[in-house]
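Inspection log for the structure reproduced underneath, given as structure tokens.
Naming convention: chains lettered A, B, ... in sequence-line order (proteins, then strands); numbering from 1 in each chain.
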2 protein chains.
Amino acid sequence: MRDDLPGRPCSVAAALNLVGEKWALLAVREISFGNKRFDVIARNTGAPRDRLAARLRALESAGVVARRQYSDHPPRYEYELTQAGDELRAVLLALRTWGDKWAVDTPPSVFGHSCGHDLDTAVICRHCGEEVRSDELKVRVLTPGWTRRGPA
Amino acid sequence: MRDDLPGRPCSVAAALNLVGEKWALLAVREISFGNKRFDVIARNTGAPRDRLAARLRALESAGVVARRQYSDHPPRYEYELTQAGDELRAVLLALRTWGDKWAVDTPPSVFGHSCGHDLDTAVICRHCGEEVRSDELKVRVLTPGWTRRGPA
DNA sequence: GGCTCGGGTTGGATTTTCAAACTTAAGGCG
DNA sequence: CGCCTTAAGTTTGAAAATCCAACCCGAGCC
């Protein structure tokens, strides 16, 4: 993928540039479930094997997953999440919460949280602990040379 | 996009089926910034116009954005977020926080939060208020007929 | 010898994506 | 009037990504 993104300089765009390709986040989901092997990831995501191989290579060079050889002769590899990959869980959780509400009739699976309840997530501000609401944010663009086009 | 997804039944996959195509989330980002017009969204995302038109139609039929005519003769439309679209902000915030840390050298923009600090987000469990950690979750798959393949 | 397992690669058809040019319908300017 | 601009797309033709099925290779098993 190209490195200088078109449009507004934005870490959302930069993030999607790394993990926004088809199957990438589902591969991360499977690895986060502890499924480290190519075959299992392929079956559980439904991704074509060639695409999955390409994505895992891309995720590896993006620093999201690490590929570990667990056997010589024949060479066999498994995948695990780096710290960057592990922190993608927050994105997956937000997507899951949204998907449960807006993309499916009834949640196909539920996360039991250690607090004893089923998980329902919110995104909060670390400083004040409050859930983030749309009208409470003011964007400051720090990139010189980016002239805002259009309102807001 | 096809409606019966391959692989593990999962609301992350279902969510990505609706908003995971290229440019979709960036279009939502722009609309969430108050940029309602096609031209502005096209410039600020960098998306090709034909793709953007197709995405906005898809997002509309997914119930994420609404298209409103603001002029007859010539017909002109603008876009706004539905409640579903608005709630995608949680996903965008999680992606932004991740991207700021892992996808760019230095954040190209910052959100000032109404609490007085710059925004830094965390994903918490609504029940206990604690930040969600990977090892605290137990998946329960509710879909009958889905036999777990591979560990976890 | 022939089966399976694991982690891919290869080939060829199908879809998507892309950038640039074009369309349509006003409105403004001189 | 003629010409430029704004707005929201559509069209075109070529390039790139995706998909699926089949193949490969080296073990280990029966």
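Shown here are the side chain to side chain donor-acceptor pair (under 3.5 Å) partners of B:Arg55, two or more places apart in sequence or in another chain: there are none. Under the side chain to side chain donor-acceptor pair (under 3.5 Å) criterion, B:Gln69 pairs with no residue, sequence neighbours left out. Remark: B:Asp50 engages no residue in a side chain to side chain donor-acceptor pair (under 3.5 Å) (not counting sequence neighbours). Judged as a salt bridge (Lys or Arg N to Asp or Glu O under 4.0 Å), and not counting sequence neighbours, B:Glu60 has no contacts. When the side chain to side chain donor-acceptor pair (under 3.5 Å) test is applied to A:Ser11, the partners found at least two apart in sequence or on another chain are B:Asp100.
No hydrogens or angles were tested; on distance alone, a donor-acceptor pair under 3.5 Å links the side chain of A:Arg76 to the base of C:dG6. With hydrogens and angles ignored, a donor-acceptor pair closer than 3.5 Å exists between the side chain of B:Arg49 and the base of D:dA8.
Applying the ring-ring contact (aromatic ring centres under 6.0 Å, His included) test to residues at least two apart or on different chains, none of the pairs has a partner in residues 57-83 of chain A. The ring-ring contact (aromatic ring centres under 6.0 Å, His included) analysis of residues 113-136 of chain A, with sequence neighbours excluded, yields the pairs A:His117-B:His127, A:His127-B:His117. The salt bridge (Lys or Arg N to Asp or Glu O under 4.0 Å) contacts involving residues 78-87 of chain A comprise A:Lys36-A:Glu80, A:Arg37-A:Glu78, A:Arg68-A:Glu78, A:Arg68-A:Glu80, A:Asp86-A:Arg89, A:Glu87-B:Lys101, where partners must be two or more places apart or lie in separate chains.
Between the side chains of A:Ser109 and A:Arg96, at least one donor N or O sits under 3.5 Å from an acceptor N or O.
Atom pair A:Ile41:CD1 and C:dC5:C1' shows a separation of 16 Å (rounding to whole Å applied). Look at CZ on B:Arg43: it is 14 Å from C1' on D:dG9, rounded to the nearest Å. In this structure, the CG atom of B:Leu52 is 11 Å from the P atom of D:dA8, given to the nearest Å. Per the geometry, OH belonging to A:Tyr77 stands 7 Å off P belonging to C:dG8, to the nearest Å.
Between C:dG6 and A:Tyr79, no contact under 4.0 Å exists linking OP1 or OP2 to a side-chain N or O.
Other members of the hydrophobic cluster containing A:Ile124, listed by chain and number, are B:Ile124; membership follows side-chain contacts under 4.5 Å among ILVMFWY residues, whether direct or relayed.
Annotation: of the two residues near DNA chain D, B:Arg57 and A:Pro74, the 5′-most nearest-nucleotide partner is B:Arg57.
When the shell of 6.0 Å around CG of A:Asp135 is examined, it contains more than 12 heavy atoms from other residues, nucleotides or ligands.
Listed in residue order, the members of residues 64-73 of chain A having a heavy atom less than 4.0 Å from DNA chain C are A:Arg67, A:Tyr70.
At its two ends the helix from C:dG1-D:dC30 to C:dG30-D:dC1 runs along axes set 0° apart, each axis drawn from five pairs and the angle rounded to 10°.
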Pull out every protein N or O sitting under 3.5 Å from an N or O of nucleotides 12-17 of chain C, one pair per line with the distance.
unit_1: C:dT17; atom_1: OP1; unit_2: B:Arg55; atom_2: NH2; d: 3.1
unit_1: C:dT17; atom_1: OP2; unit_2: B:Arg51; atom_2: NH1; d: 2.8
unit_1: C:dT17; atom_1: OP2; unit_2: B:Arg55; atom_2: NH2; d: 2.6

